[in-house]
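First comes the structure, then the notes that go with it.
Everything quoted here is computed from the prediction, not taken from an experiment. These values consider heavy atoms only, across backbone and side chains, with no hydrogens, waters or symmetry-generated copies.
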Amino acid sequence: MPSVDAIIDYLCLTEAGDTESRSLQMMACRERVRRPENILQSQRRSGAWSFGADPGPENCFHTALALMALRSVATDTHMPAAVSRAFTWLDSMAGVENHWLWKWKFHYFDRQVRFDTNKTGWPWVEGTVSWVAPTAMVILAHRAWHRDSARIATAEAMLLDRACPQGGWNAGNSEVFGVPLDPHPDFTAMALLALRRSVSRELPIIAESLSYLSDRVIATDSLYSLAWAALALQVWNDGRAQQVAGRLHYRLALTRTSSIPLVTLALAAIASEPQRFPFFGGQQ
């Protein structure tokens with residue numbers, strides 16, 4: 001397998017084309033990348049980011065990742081104007097279920113989904129309900145910049161409310177038409193990372209989610225899922241983290257580095273040293 005240093009060398013010499021890859025690449029490259037221009041040049045006037053340089057919709061997930069990347073290269077806790085604008089934009093975004101009309105709709109008519117409309121987080125884009133991935137990332141962005149918000153507790157409650165009965169998280173809801181949905185490893189890892197500081201592992205849904213995550217990925221060939229799972233399990237100090245990390249290293253060794261997406265390589269590098277990223281829940 002290529003060493004972590006070799007992966008970081010490769011990342012630092014390769015151009016990322018989208019916000020997620022660029023943000024995780026900046027985090028993984030650590031002190032070797034102190035210039036945030038690659039992230040800042042794609043920020044919209046509103047303060048938000050979208051998937052890439054194209055005129056796609058501004059969204060909370062990529063805005064949160066960009067904020068985390070900027071924090072990873074900041075030399076102090078001072079919040080630059082670009083960061084402040086991004087948080088102001090995030091403050092204006094909320095799942096539509098938070099509006100009284102949608103609360104009424106979900107309570108009386110739209111009964112095919114199950115969630116508590118009083119527990120809201122962040123949507124992917126404006127005009128949609130709260131989803132797991134953007135909510136988890138926005139929580140982590142607030143943690144990265146030590147920014148307090150009254151919405152964080154409600155967002156954490158929303159994540160717990162949306163957990164699948166058997167453990168883990170789906171993209172946005174746990175049940176449709178009375179049928180429990182299957183969890184996904186990526187969303188499960190993101191939710192676990194976001195909840196690391198506020199919830200005990202003794203809570204049944206956390207213990208079940210950690211077990212689901214380790215069991216689900218130990219035989220997978222998806223490097224992306226393995227990288228997210230390895231990061232989350234290590235941050236939670238789970239005893240199965242080493243086994244999952246070993247599976248990740250094994251799959252990396254079988255794959256040519258140049259054929260692995262940058263976002264996956266960056267996640268693998270981050271997962272190798274989670275203690276360097278306290279906003280994920282690791283300790284410095």
Side-chain angles (χ1 to χ4, degrees), residues 60-61 64 93-98 102-103 106-107 110-124 128-143 149-218 220 222 224-241 244 267 274 279-281:
C60 298
F61 179 81
M93 293 292 108
V96 294
E97 73 273 16
N98 194 45
W102 284 82
K103 289 180 184 291
F106 282 121
H107 183 75
D110 197 349
R111 305 301 298 275
Q112 68 266 32
V113 296
R114 185 203 67 79
F115 58 77
D116 187 342
T117 57
N118 293 312
K119 298 172 181 177
T120 62
W122 278 268
W124 278 96
T128 61
V129 298
S130 304
W131 293 82
V132 170
T135 297
M137 291 300 108
V138 173
I139 290 172
L140 292 173
H142 278 77
R143 184 186 299 166
S149 171
R151 293 181 60 184
I152 297 301
T154 303
E156 291 170 339
M158 170 249 159
L159 289 177
L160 291 171
D161 180 62
R162 305 287 183 92
C164 297
Q166 68 272 42
W169 278 263
N170 196 285
N173 195 30
S174 62
E175 185 178 302
V176 175
F177 293 111
V179 179
L181 299 178
D182 290 332
H184 292 273
D186 313 343
F187 302 131
T188 297
M190 293 176 196
L192 285 169
L193 288 167
L195 293 169
R196 179 65 181 90
R197 295 287 180 82
S198 60
V199 180
S200 167
R201 69 174 299 126
E202 302 305 317
L203 190 70
I205 195 61
I206 298 298
E208 291 161 1
S209 296
L210 289 167
S211 294
Y212 155 77
L213 188 59
S214 60
D215 292 344
R216 174 66 178 79
V217 301
I218 196 59
T220 188
S222 169
Y224 184 75
S225 295
L226 278 165
W228 273 117
L231 176 60
L233 290 168
Q234 288 180 89
V235 163
W236 274 91
N237 298 316
D238 189 272
R240 294 154 291 196
V244 171
L267 276 172
F279 46 81
F280 279 127

Taking Asp215 first and then Arg240, would you say they form a salt bridge - that is, a charged N and a carboxylate O separated by under 4.0 Å? no
Parallel, tilted or perpendicular: rings of Phe280 and Trp228 (30°, 60°): perpendicular
Please report the closest heavy-atom contact between Pro134 and Phe61, naming both atoms and the distance. CB-N, 3.9 Å
Backbone N/O of Trp131 and side chain of Arg162: donor-acceptor pair under 3.5 Å: no
Side-chain atoms of residues 184-194: list all donor-acceptor pairs with protein atoms under 3.5 Å, sequence neighbours left out, distances to 0.1 Å.
{"residue": "Asp186", "atom": "OD1", "partner": "Ser225", "partner atom": "OG", "Å": "2.8"}
{"residue": "Thr188", "atom": "OG1", "partner": "Trp169", "partner atom": "N", "Å": "2.9"}
{"residue": "Thr188", "atom": "OG1", "partner": "His184", "partner atom": "O", "Å": "2.7"}

Are the side chains of Cys60 and Pro123 in contact, using a 4.5 Å heavy-atom criterion? yes
Looking at every non-hydrogen atom in both residues, tell me the closest pair between Val244 and Val217 and how far apart they are. CG1-CG2, 3.8 Å
Checking Arg196 side chain against Val235 main chain: does a donor-acceptor pair fall under 3.5 Å? yes
Run the side-chain contact (heavy atoms from CB on, under 4.5 Å) test on Val199 and Leu160 for me, step by step, so that the C-alpha distance in whole Å, both residues' side-chain angles and the decisive distance to 0.1 Å come before the verdict. CA-CA 10 Å; Val199 180; Leu160 291 171; 4.2 Å; yes
Is it the case that the side chain of Thr220 and the backbone of Arg216 share a donor-acceptor pair, with hydrogens and angles ignored and the cut-off at 3.5 Å? no
Determine yes or no for a side-chain-to-main-chain donor-acceptor pair under 3.5 angstrom, with Thr135 supplying the side chain and Gly121 the backbone. no
Check the pair Thr120 / Arg151 against side-chain contact (heavy atoms from CB on, under 4.5 Å), numbers first and verdict last. CA-CA 8 Å; Thr120 62; Arg151 293 181 60 184; 5.6 Å; no
Atom CZ of Arg201 and atom CD1 of Ile206: how far apart are they, to the nearest 0.5 Å? 9.5 Å
Could you tell me the separation between the CD1 atom of Ile205 and the CG atom of Leu159, rounded to the nearest 0.5 Å? 11.5 Å
Derivation of the side-chain contact (heavy atoms from CB on, under 4.5 Å) call for Arg197 and Arg143: CA-CA 10 Å; Arg197 295 287 180 82; Arg143 184 186 299 166; 3.4 Å; yes
Working note: Glu156 + Ile139, criterion side-chain contact (heavy atoms from CB on, under 4.5 Å); need CA distance, chi angles, decisive distance, verdict. CA-CA 8 Å; Glu156 291 170 339; Ile139 290 172; 3.9 Å; yes
Between Tyr212 and Pro183 (side chain of the first, backbone of the second, donor and acceptor by atom type, cut-off under 3.5 Å), is there such a pair? yes
